[in-house]
Amino acid sequence: MSRFLLRRALWFVVTTWAVITIAFFVLRAAPGGPFSGERKLHPSVEAALRAQYHLDWPLWKQYLHTLGPLNLDERGLFGDASDVFGGLLALDFGPSMQHRDVSVNDALAQSLPISITLGSLALGIALVLGLGAALLSAQFPGSRFDRLVRLAAAAGLVLPNFVIASLLVLVFAFWIPIAPVAGWGAPRHVLLPALALALPFAAYIARLARAGLLETLSKDYIRTARAKGASESAILWRHALRGALTPVVSYLGPAAAGVLTGSLVIERIFAIPGAGTHFVASALNRDYTMAMGVTVVYAVMVFGFNTAVDVAYTLLDPRLDLEREA
Amino acid sequence: MSAVPEQRRSWFADADFELALVQLERERPQSLWRAARERLRRRASVRWSLRFLIGLCLLSFLAPLLPLPSPAAINLANATLPPQLPWPAPGALDFEPQYWELGPLDAQMVSLRTSLFGKWRTGHWLGTDALGRDVLARVVWGSRTSLLVALCAALTSLVIGASWGALAGLSGGRVDNVLMRIVDVLFAVPTIFLVIFLLSVLDAPGAGEARLSREQIFFLVVGAVSWLSMARVVRGQVLELERSAFVEAARAAGASTPWILTRHILPNVLGLVVVNLTLTLPSVILYEAFLSFLGLGVEPPRVSWGLLAAEGAEALNPLESYAWLVLAPGCAMAATLLALSTLGDGLRDALSVTERHER
């Protein structure tokens with residue numbers, strides 16, 4: 001296991017570097033810049049701004065400056081050396097180019113916790129709803145409840161999430177007013193967005209888990225357990241669920257990374273100041289530093305969850321050996 | 001049964017023999033595809049999904065030919081008409097051929113339509129939107145965009161994704177490692193960055209006359225980001241097959257590599273590819289909706305289901321309910337995606353070899 005994790009850590013460094021490099025050059029290759037907005041700036045003002053953010057440097061120097069670890073500006077290695085380490089290796093994303101006087105670190109420190117709170121709540125709801133429905137439905141396959149679950153799972157996957165969110169608002173904020181329409185701050189604000197975020201995931205989880213459960217229930221070891229006289233509930237909870245969880249876990253890995261870094265649509269509809277907004281806004285406004293910040297956060301999340309998924313496999317299925325697979 | 005030679009019959013009592021033959025007939029090995037087709041045909045839900053999808057494709061292809069109102073003609077006097085009762089609403093004689101820039105084939109179909117139906121158009125069966133445009137016409141025309149996006153994504157996942165995965169799985173070793181690491185890295189870059197990058201590079205004003213239309217760019221972009229999971233799935237399946245006992249057996253029996261590829265690996269991968277396609281198409285159609293919601297989709301006055309649903313969702317409010325604006329594209333989308341995933345499930349069940357003798 002430790003060898004596997006070590007290899008993974010090594011790959012993590014390489015992958016993150018590759019992702020950073022791609023994001024860096026992709027964004028700079030796109031036409032326009034952070035200061036080519038609607039309002040045309042005076043050339044001297046724009047030049048001063050570009051100089052302040054080092055956009056007047058050659059590209060290789062900007063790249064090295066972004067990546068770190070050596071600070072290349074006047075306070076860095078070749079200047080007065082008061083602040084030698086900078087860039088991503090020092091976990092310093094620099095100042096945002098769109099939001100003046102805000103550093104990317106601060107912006108992320110403000111918005112990420114909100115997204116993570118909302119996201120983990122939604123994941124929890126999705127897991128409880130999805131697994132619960134799948135367990136009940138696999139216990140009585142073909143029953144009326146089973147058909148209902150299959151229908152609901154299908155319905156949750158065929159509508160865009162902004163439609164689901166709008167319908168939820170209409171029903172639970174206006175017709176049966178139990179939750180506020182939008183906003184963030186009080187616990188009751190979390191209810192609708194978390195539900196809207198969770199429903200499609202719950203539907204997918206229910207589908208995966210139900211199929212997995214039905215497949216596992218036809219395995220030989222379940223027959224053995226039955227023959228030995230284990231109760232149906234013990235078979236379901238102790239033996240079948242474990243095998244059925246594998247597809248759910250492999251789906252959850254990437255999905256969790258997406259949910260925790262913020263859902264753009266949900267954040268926009270419910271006016272939540274989460275991190276999802278930064279993804280689109282930074283790329284559209286060519287806010288290079290902010291884009292780099294969210295890229296790194298996203299890549300770390302994706303990589304972390306994928307590794308967690310691989311570790312979870314071994315817990316679920318002891319026949320797997322990560323040392324060999326890696 | 002008549003093919004049984006006479007002299008052999010004496011070996012068994014007749015009744016036993018017949019029984020054995022019937023048994024044999026039932027167990028006769030069927031080709032994977034024939035068995036799958038047989039099993040597919042037996043499921044009513046799959047039959048209906050297939051019919052629905054074929055009908056939808058025809059409808060969206062023939063949209064310019066149908067006597068629908070124009071999807072872009074603004075008529076503020078008719079704004080936000082609800083779906084009319086009695087249904088279907090009576091037609092009218094005020095058709096104006098107002099469209100965006102159409103391709104040559106579509107333009108010809110439109111002129112054929114005017115010579116066929118003249119100024120007659122169907123009534124506002126599904127109501128009108130805030131600018132008085134007919135919702136039914138917009139949903140039908142919108143299906144063209146959404147289906148084309150799905151088609152593009154399907155083609156790229158087939159061409160790039162499947163061959164990428166197959167190449168990785170078949171060559172193994174270092175090539176496999178490099179190819180799959182590239183996929184890993186691309187997975188870790190937020191998709192929306194690539195989308196925005198491609199959109200802004202390809203849509204740059206400097207590109208001159210050879211510039212693609214915004215719609216074509218959009219198709220390219222969605223295609224470019226949708227092949228990754230196909231590559232992963234195909235690689236996994238190829239690897240598993242390479243290691244499987246029956247491929248080993250074929251190799252031991254002296255089968256050549258091309259034989260093993262075409263006879264054993266390809267048929268087994270194809271099933272999975274088809275299933276994966278029917279399951280990625282819904283997610284691509286939903287992704288189109290997501291991009292339209294962000295204003296990164298097709299440009300008005302062109303329409304897509306995503307754009308219609310986004311407009312409809314915005315118009316949902318408790319005071320004045322324009323529910324049909326979201327219900328019409330929503331139902332069209334839901335029915336299509338449901339049909340696609342039913343088809344996918346049916347195909348998966350039909351093609352899964354292990355369940356061949358059940359049912």
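Throughout, a chain's letter reflects where its sequence line sits, starting with A, and its residues are numbered from 1.
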Inset, instruction - Give, as side chain, backbone, both or neither, the part of B/L338 having an atom under 4.5 angstrom from any heavy atom of chain A. - result: both
Legend entry - A/A173 versus chain B, the contacting section by heavy-atom distance below 4.5 Å: neither
Inset, instruction - Please state whether the side chain, the backbone, both or neither of A/L284 comes within less than 4.5 Å of a heavy atom of chain B. - result: both
Inset, instruction - Could you look at A/L157 and say if it's the side chain, the backbone, both or neither that has a heavy atom under 4.5 Å from chain B? - result: backbone
Inset, instruction - Look at A/V302, A/V169, A/T295 and state which one has the largest set of heavy-atom pairs under 4.5 Å with chain B. - result: A/T295
Legend entry - Pairing of B/D176 and B/R181 as salt bridge, 4.0 angstrom limit: no
Inset, instruction - Classify the side-chain pair B/S304/B/E288 by whether it contains a donor and acceptor separated by less than 3.5 Å. - result: yes
Inset, instruction - Compute whether any side-chain donor of one residue and acceptor of the other, for A/S137 and A/D146, lie under 3.5 angstrom apart. - result: yes
Legend entry - Contacting region of A/A29 [heavy-atom separation from chain B under 4.5 Å]: both
Inset, instruction - May I ask you to check whether A/S282 and A/Y288 show a side-chain donor-acceptor distance below 3.5 Å? - result: no
Inset, instruction - Identify which part of B/V326 has an atom lying under 4.5 Å from any heavy atom of chain A, answering side chain, backbone, both or neither. - result: side chain
Legend entry - Pair B/R232 + B/D184: basic N to acidic O under 4.0 Å: yes
Inset, instruction - Answer yes when B/E311 and B/R138 have at least one side-chain N-carboxylate O distance shorter than 4.0 Å, and no when they do not. - result: yes
Legend entry - Portion of A/L170 that has a non-hydrogen atom of chain B nearer than 4.5 angstrom: side chain
Inset, instruction - With a 4.5 angstrom heavy-atom cut-off, could you sort out which part of B/F187 is near chain A: side chain, backbone, both or neither? - result: backbone
Legend entry - Under 4.5 Å from a heavy atom of chain B, the part of A/R28 involved: neither
Inset, instruction - State, yes or no, whether a side-chain contact exists between A/F303 and A/R8 at a heavy-atom distance under 4.5 Å. - result: yes
Legend entry - B/Y287-B/F290 aromatic ring centre distance below 6.0 Å: yes
Legend entry - Contact class of A/T16 relative to chain B, heavy atoms under 4.5 angstrom: neither
Inset, instruction - Pick one of side chain, backbone, both or neither for A/F162, based on which atoms fall under 4.5 Å of a heavy atom in chain B. - result: both
Legend entry - Part of B/A310 lying under 4.5 Å from any heavy atom of chain A: both
Inset, instruction - Flag the one option from B/V195, B/T342, B/I192, B/L294 with the top tally of heavy-atom pairs under 4.5 Å to chain A. - result: B/L294
Legend entry - Any donor-acceptor N or O pair under 3.5 Å, side chains A/S115, A/E267: yes
